[in-house]
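Structure record follows, encoded as structure tokens.
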There are 4 protein chains.
Amino acid sequence: MNSNSKLKLINDPIYGFITIPNPLIFKLIEHPYFQRLRRISQMGMSYLVYPGAHHTRFHHALGAMSLMQKAVHVLRLKNVEISQEEEEALCIAILLHDVGHGPFSHAMEHSIVESVSHEYISLLFMEELNRQFDNKLTLAIAIFKNEYERKFLHQLISGQLDMDRLDYLRRDSFYTGVQEGSVNAQRLIAMLNVYRDTLVVEEKGIYSVEKFIIARRFMYWQVYLHKTGIVAEQLLMNLLKRAKELTHKGIELPASEALRFFLNMTITKDNFNKDVLDTFSKLDDYDIVSAMKAWASHEDFVLRNISEMLLSRDLLKIKIKKKPFASNKIKEKREALSKKYQLTEAEAAYFIFEGEIENLAYRMDKDAIYLFTKSGKLVDVAKASDQLNLKALSKTVVKYYLCYPKPKY
Amino acid sequence: MNSNSKLKLINDPIYGFITIPNPLIFKLIEHPYFQRLRRISQMGMSYLVYPGAHHTRFHHALGAMSLMQKAVHVLRLKNVEISQEEEEALCIAILLHDVGHGPFSHAMEHSIVESVSHEYISLLFMEELNRQFDNKLTLAIAIFKNEYERKFLHQLISGQLDMDRLDYLRRDSFYTGVQEGSVNAQRLIAMLNVYRDTLVVEEKGIYSVEKFIIARRFMYWQVYLHKTGIVAEQLLMNLLKRAKELTHKGIELPASEALRFFLNMTITKDNFNKDVLDTFSKLDDYDIVSAMKAWASHEDFVLRNISEMLLSRDLLKIKIKKKPFASNKIKEKREALSKKYQLTEAEAAYFIFEGEIENLAYRMDKDAIYLFTKSGKLVDVAKASDQLNLKALSKTVVKYYLCYPKPKY
Amino acid sequence: MNSNSKLKLINDPIYGFITIPNPLIFKLIEHPYFQRLRRISQMGMSYLVYPGAHHTRFHHALGAMSLMQKAVHVLRLKNVEISQEEEEALCIAILLHDVGHGPFSHAMEHSIVESVSHEYISLLFMEELNRQFDNKLTLAIAIFKNEYERKFLHQLISGQLDMDRLDYLRRDSFYTGVQEGSVNAQRLIAMLNVYRDTLVVEEKGIYSVEKFIIARRFMYWQVYLHKTGIVAEQLLMNLLKRAKELTHKGIELPASEALRFFLNMTITKDNFNKDVLDTFSKLDDYDIVSAMKAWASHEDFVLRNISEMLLSRDLLKIKIKKKPFASNKIKEKREALSKKYQLTEAEAAYFIFEGEIENLAYRMDKDAIYLFTKSGKLVDVAKASDQLNLKALSKTVVKYYLCYPKPKY
Amino acid sequence: MNSNSKLKLINDPIYGFITIPNPLIFKLIEHPYFQRLRRISQMGMSYLVYPGAHHTRFHHALGAMSLMQKAVHVLRLKNVEISQEEEEALCIAILLHDVGHGPFSHAMEHSIVESVSHEYISLLFMEELNRQFDNKLTLAIAIFKNEYERKFLHQLISGQLDMDRLDYLRRDSFYTGVQEGSVNAQRLIAMLNVYRDTLVVEEKGIYSVEKFIIARRFMYWQVYLHKTGIVAEQLLMNLLKRAKELTHKGIELPASEALRFFLNMTITKDNFNKDVLDTFSKLDDYDIVSAMKAWASHEDFVLRNISEMLLSRDLLKIKIKKKPFASNKIKEKREALSKKYQLTEAEAAYFIFEGEIENLAYRMDKDAIYLFTKSGKLVDVAKASDQLNLKALSKTVVKYYLCYPKPKY
């Protein structure tokens with residue numbers, strides 16, 4: 001009987017099993033920094049629209065690592081040399097690429113902290129883990145920061161066809177039940193290759209790449225930018241903004257210790273030290289929802305009502321247009337609400353507000369997806385796809401929305 | 001253009017779409033009592049074993065309602081008369097059958113309240129909703145309580161082949177990725193019929209029923225009674241027991257208002273009044289996990305360590321046997337731990353404890369699954385299945401477990 | 001116990017079950033004309049590329065009927081009145097829409113018969129069945145011919161979003177394993193509605209329609225017009241052309257009675273009488289493959305070699321370009337082959353030939369897919385989709401291919 | 001750019017892709033002996049019951065080879081040494097294990113040839129291929145014949161948990177749409193290990209093995225031994241028996257050259273030489289169905305009627321019981337039919353006949369499935385599974401059937 005201690009398997013409804021390749025990675029997964037991701041929803045509050053979408057950053061990170069193992073396997077079959085060290089580093093980098101996400105994933109970057117991106121915080125976590133694990137993450141960090149000489153390795157972590165995207169599109173499609181957004185990760189990976197240190201797609205993969213770009217665009221407009229989802233996300237940000245505002249006025253709100261810290265402090269890149277990192281590592285979706293539940297009976301009109309709306313999924317109405325909304329209309333609506341409930345105009349603006357959503361389906365130029373033709377050339381997929389007009393998809397589309405209360409208010 | 005306002009669709013990864021059949025049911029779904037189920041995990045802490053298993057009671061209830069609509073459709077095709085009122089009542093009853101579940105589903109019934117089953121609390125909620133909705137739930141309640149004359153309707157809600165089981169087995173199998181537990185709900189429903197007011201399965205469905213019983217047994221031993229899942233569930237119950245103990249000693253623990261109420265009070269069926277119900281309706285997984293996060297830095301050894309274990313998934317070890325464990329062995333282990341950390345024996349027992357798990361794959365006799373043979377007889381499926389020996393599966397299997405700390409403690 | 005004789009279920013890996021709605025349709029399915037479709041491959045010889053693609057016209061016709069039942073169900077929920085008679089007629093029309101297909105589906109229309117489309121032959125079969133079934137197919141035929149007053153019913157049978165396409169794209173994608181071509185038939189059907197007797201898609205369905213058009217385009221270029229598939233289909237047509245040629249020269253080839261009839265005769269619409277129809281009804285894939293197997297040892301170089309190529313999947317090479325091939329190059333190749341094997345140039349042309357393939361992803365104008373906007377207008381989806389540029393997809397794309405023998409010849 | 005010529009991928013709806021591991025195997029797949037399997041239905045005439053079940057031996061063989069690659073990968077991860085040569089041999093052996101199947105798979109073994117099993121013919125093909133390929137198949141043949149020293153390699157080819165079974169159960173379940181028969185090949189393979197040269201399953205896999213045995217049993221009773229399927233298979237055998245009978249009487253029937261050879265000759269192991277093998281290699285489903293189509297208008301009552309029945313799926317009726325049918329009843333029925341159509345009793349027996357079907361769900365003893373316990377013992381799964389009573393499943397179940405014409409005859 002041979003030892004099988006190395007073969008740790010995790011059940012995954014999408015890939016069947018996810019294999020944990022070695023003990024170091026197993027320990028990273030066991031680390032509380034990573035376990036915290038079990039309590040961070042992958043799709044924010046999208047479960048208010050798609051009740052199946054309760055999957056977590058934890059699961060996505062494992063899934064992306066699983067695809068990375070497959071990509072390495074395929075590239076090696078095609079005689080692309082990737083060393084054991086590089087493979088481990090790729091797995092670690094993709095595993096930890098999202099470890100810096102705050103509660104509900106994206107909503108926090110502009111409310112809990114001031115313009116500190118989750119990628120930046122991920123890097124802080126990696127560096128701290130590197131200290132704890134005897135510098136065994138050094139290569140992973142170099143690849144993550146694109147400071148390693150073999151550039152295609154970074155492209156597997158972060159690019160228009162990276163393992164992150166392949167997993168989240170597949171996974172989000174799976175859990176929401178929106179089949180149209182499903183991408184065939186296996187086929188795309190099977191068509192990867194490397195040419196002059198650049199990740200490329202073999203020419204016959206052109207339709208699969210087109211299909212991937214269209215599926216991604218579909219997911220954006222239909223799921224990630226779903227009307228109800230936008231309302232929920234904006235309300236969540238407004239809720240935290242209001243909580244900060246009240247806190248800064250000296251009103252002490254019920255909140256967990258970690259949340260209270262971030263409500264009190266103004267955290268930027270400059271003061272994001274080890275203590276801040278540790279406090280951040282204690283913050284997750286549960287702090288926010290629990291606060292919301294306490295705030296639903298708070299005396300502040302704004303705090304109370306937004307909390308109730310989110311808890312009971314009794315949200316604002318929303319309109320979406322291709323042109324901005326007239327500012328006098330918004331002003332009128334705010335005045336009416338202010339009058340009815342004796343609110344200041346700033347307070348009314350928590351319930352009546354406009355905003356933009358935008359999506360770029362495909363980015364041309366330096367970071368393009370390149371096809372490798374049989375005649376040995378690299379061609380931007382947007383140029384190779386003569387009919388589908390991917391060029392049209394490489395323009396950012398902007399839409400405008402207006403949120404306002406339901407008639408009953 | 002015809003109005004389609006009635007056709008409310010919800011995306012579901014399993015059935016494609018779930019249709020909300022009418023405005024009353026739509027309002028029940030919108031009610032905060034039901035929306036709360038979005039915050040109750042269907043499988044307790046099983047996500048510590050199966051990272052995909054974050055689906056909720058909310059989703060399961062909708063899924064079961066969707067199967068109910070299919071069952072009604074099939075039975076009507078077979079000339080079983082079911083009135084519009086009965087169909088609505090069936091949908092309401094199955095929708096609300098789990099509305100009384102506390103946080104993490106099953107763990108609470110013996111810690112938050114004293115032997116008040118979730119079915120009992122579901123009934124309290126239904127009765128309260130009946131008051132709020134002008135007695136429109138009267139028939140649903142009668143069917144739920146099995147007080148309605150047509151008994152087969154109750155069997156669709158609660159029986160060995162009810163829509164609850166068909167959905168949860170399918171759904172839990174789907175989200176865990178444990179394909180072996182998947183049941184073919186569509187085929188089983190297609191084979192239902194009614195004979196003398198009893199729900200029966202047509203004879204040719206015998207192998208499907210056998211398969212269903214085996215799949216259910218599989219899910220029990222492999223998933224619901226998974227070793228790690230048992231440890232997590234027991235630790236969760238111990239945590240709440242300890243919290244109650246400390247509270248009753250006068251130590252005020254950080255907790256949400258609703259959770260504090262239940263830590264303070266001893267709630268039984270007798271004092272479960274409207275106020276208790278309203279407080280209960282504010283309790284969900286988020287109260288528990290948030291408390292756990294606060295307690296992870298509490299000075300009480302027991303409270304702190306169990307909280308940390310659950311949050312970091314750094315749990316106890318467990319052994320499972322077919323015979324009970326020797327009590328002197330347990331005592332020895334407790335004494336060693338007590339000594340090492342200066343704990344009382346009662347405190348040590350929070351970390352070293354035994355217990356039983358049991359499962360009955362199939363229940364014969366009065367509540368059996370009946371096959372309707374071509375010769376016009378009803379036969380208990382356990383008797384019809386001559387080879388598989390379902391009779392053997394109709395004996396309760398009991399196993400014994402012992403939990404104790406990892407060596408590092 | 002109620003009779004369930006009406007509920008005939010057929011297992012289907014895609015939809016779970018297909019229900020046969022009534023006895024008349026059951027009898028039509030049992031009729032030898034329809035049973036013949038069990039022996040007609042849905043995707044011609046595509047199984048030489050996709051080994052799973054052995055599904056039949058029989059299965060597709062049942063699948064399309066199943067989708068039709070779902071479409072009728074959805075439209076009725078939206079208060080579109082469809083009578084029992086109309087529903088039955090829709091089911092019959094879609095069930096029989098392909099009954100006129102010859103062996104290997106499309107390859108025969110220009111070899112077995114002279115420019116008689118399979119739709120025309122389907123109609124002949126329907127009319128004959130109408131005679132056999134006491135004119136019970138009259139309404140179905142009217143809808144099929146678009147002579148019935150309610151035009152949207154015909155659109156469900158034949159249009160850019162008909163049940164035929166929804167099933168074959170889904171089914172071909174399923175059996176080939178080309179997931180990218182999968183369409184979400186259920187979602188598209190859920191978004192159908194009728195406005196002024198026109199089948200429309202509700203506005204929110206725009207991305208699903210876009211996705212459907214892209215998926216269909218994908219299937220064309222990747223599957224239906226796959227290089228190897230083109231070679232096989234062209235060789236099959238050449239084989240039959242050669243067989244006809246030899247037969248007309250007086251050489252009697254081994255062939256089934258039905259095949260011999262069509263090799264001997266020149267059948268056009270004008271002489272396609274009841275006898276021809278009956279003989280046609282005896283012709284299927286098995287006649288062709290069996291002939292091929294006999295011809296693989298025939299003395300005629302052309303007949304023998306093409307037969308062997310198809311049986312052993314040892315096909316011609318193919319090149320595909322956006323411009324036509326130079327005719328002198330083709331001539332040169334033919335001359336070389338002629339010389340090597342002492343063939344006439346016409347004989348060499350059986351192995352060296354050019355051709356065009358074309359695809360129109362979306363057809364604008366009168367037969368467009370219309371979105372019904374919230375403001376109550378009909379908009380061609382190609383105009384509504386401002387970014388994806390579906391207009392570009394409404395131009396026919398033509399490509400040119402050249403087939404020629406492998407070097408070993 | 002690195003060469004990827006080695007990575008030949010075949011689309012498979014079940015596993016996504018099947019990889020052809022090396023040029024030798026690619027050539028074996030291209031060989032006409034193997035290409036013939038494209039024309040042999042995997043499930044005989046089961047498509048008369050399950051219209052999706054048109055998959056072929058060709059596809060199954062590729063699928064089983066794909067699972068073999070996965071099994072080798074898993075075992076190597078567990079430090080079981082398997083050399084490159086052994087891996088190639090395993091792939092070849094599993095690829096060719098069914099190459100000796102005749103038309104419609106099983107029906108031919110007792111009609112076309114006299115008690116020559118398909119395994120025996122597979123071996124003849126392998127030996128011939130070994131000659132053609134410079135003895136490169138020697139190791140594969142040794143493993144196939146269980147003459148190689150490492151016995152567990154043979155068990156992967158042929159045993160109760162071999163790659164053949166894992167693929168066909170999964171594949172047949174997939175194409176029929178009978179989800180209950182689906183086995184989780186990936187999970188079972190993940191639990192394989194080798195102990196003292198014996199293929200074993202790790203202890204925690206017990207429920208998966210149980211599930212596998214039950215699923216297999218389900219497929220037998222529900223699919224492989226489906227009533228209509230039995231009728232079709234028996235009629236097919238009777239048809240060939242009758243054809244042989246008539247041929248031996250000197251009546252020349254329309255038939256392909258290869259079929260005529262086997263109708264004329266009595267082939268046993270003793271006279272199965274290279275010429276017979278070559279003729280056998282030209283025989284497939286198409287010969288049989290084409291003959292059937294010609295025979296449907298033959299003057300012989302038996303030949304004509306059975307042919308028509310099979311072509312129009314207008315089959316005999318069948319009754320199944322646990323006890324044999326009374327012989328006088330059968331005699332009476334035959335006499336009545338004989339009288340009505342002026343048949344001899346032997347001729348009537350082609351339409352009225354009895355038979356047995358049997359299934360052994362699990363075989364104990366020397367060829368058992370062994371669990372490897374944590375305490376280092378091998379236990380027969382039937383003994384380890386204390387509750388499910390697999391022992392009961394290790395008894396052969398026999399049922400009796402009686403076929404007879406529909407009343408209209």
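Values below: all heavy atoms of this structure, side chains included; hydrogens, waters and symmetry mates excluded. Residue numbers begin at 1 in each chain, while the letters A, B, ... track the order of the sequences.
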Next on the checklist: Quick check on the structure: residues of residues 169-179 of chain D within a heavy-atom distance below 4.5 Å of chain C, by number.
Outcome noted: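 Listed by number: Phe174(D), Tyr175(D), Thr176(D), Gly177(D), Val178(D).
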Item to check | Among the listed options Lys293(C), Glu257(C), Arg313(C), the residue most often paired with chain D at heavy-atom distances under 4.5 Å | outcome: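 Ranked by contacts with chain D, first place is Lys293(C).
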Checklist entry - Where on Leu311(D) is there a heavy atom nearer than 4.5 Å to chain C: the side chain, the backbone, both, or neither? => result both
Checklist entry - Counting only heavy atoms not in Gln132(D), do more than 12 sit closer than 6.0 Å to its CD atom? => result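 Check passes, neighbour count above 12.
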Within [range], which positions have a heavy-atom distance to chain D below 4.5 Å?
range	value
residues 37-50 of chain C	Arg38(C), Arg39(C), Tyr47(C), Leu48(C), Tyr50(C)
residues 28-36 of chain C	Glu30(C), Pro32(C), Gln35(C)
residues 280-287 of chain C	Lys282(C), Leu283(C), Asp284(C), Asp285(C), Tyr286(C), Asp287(C)

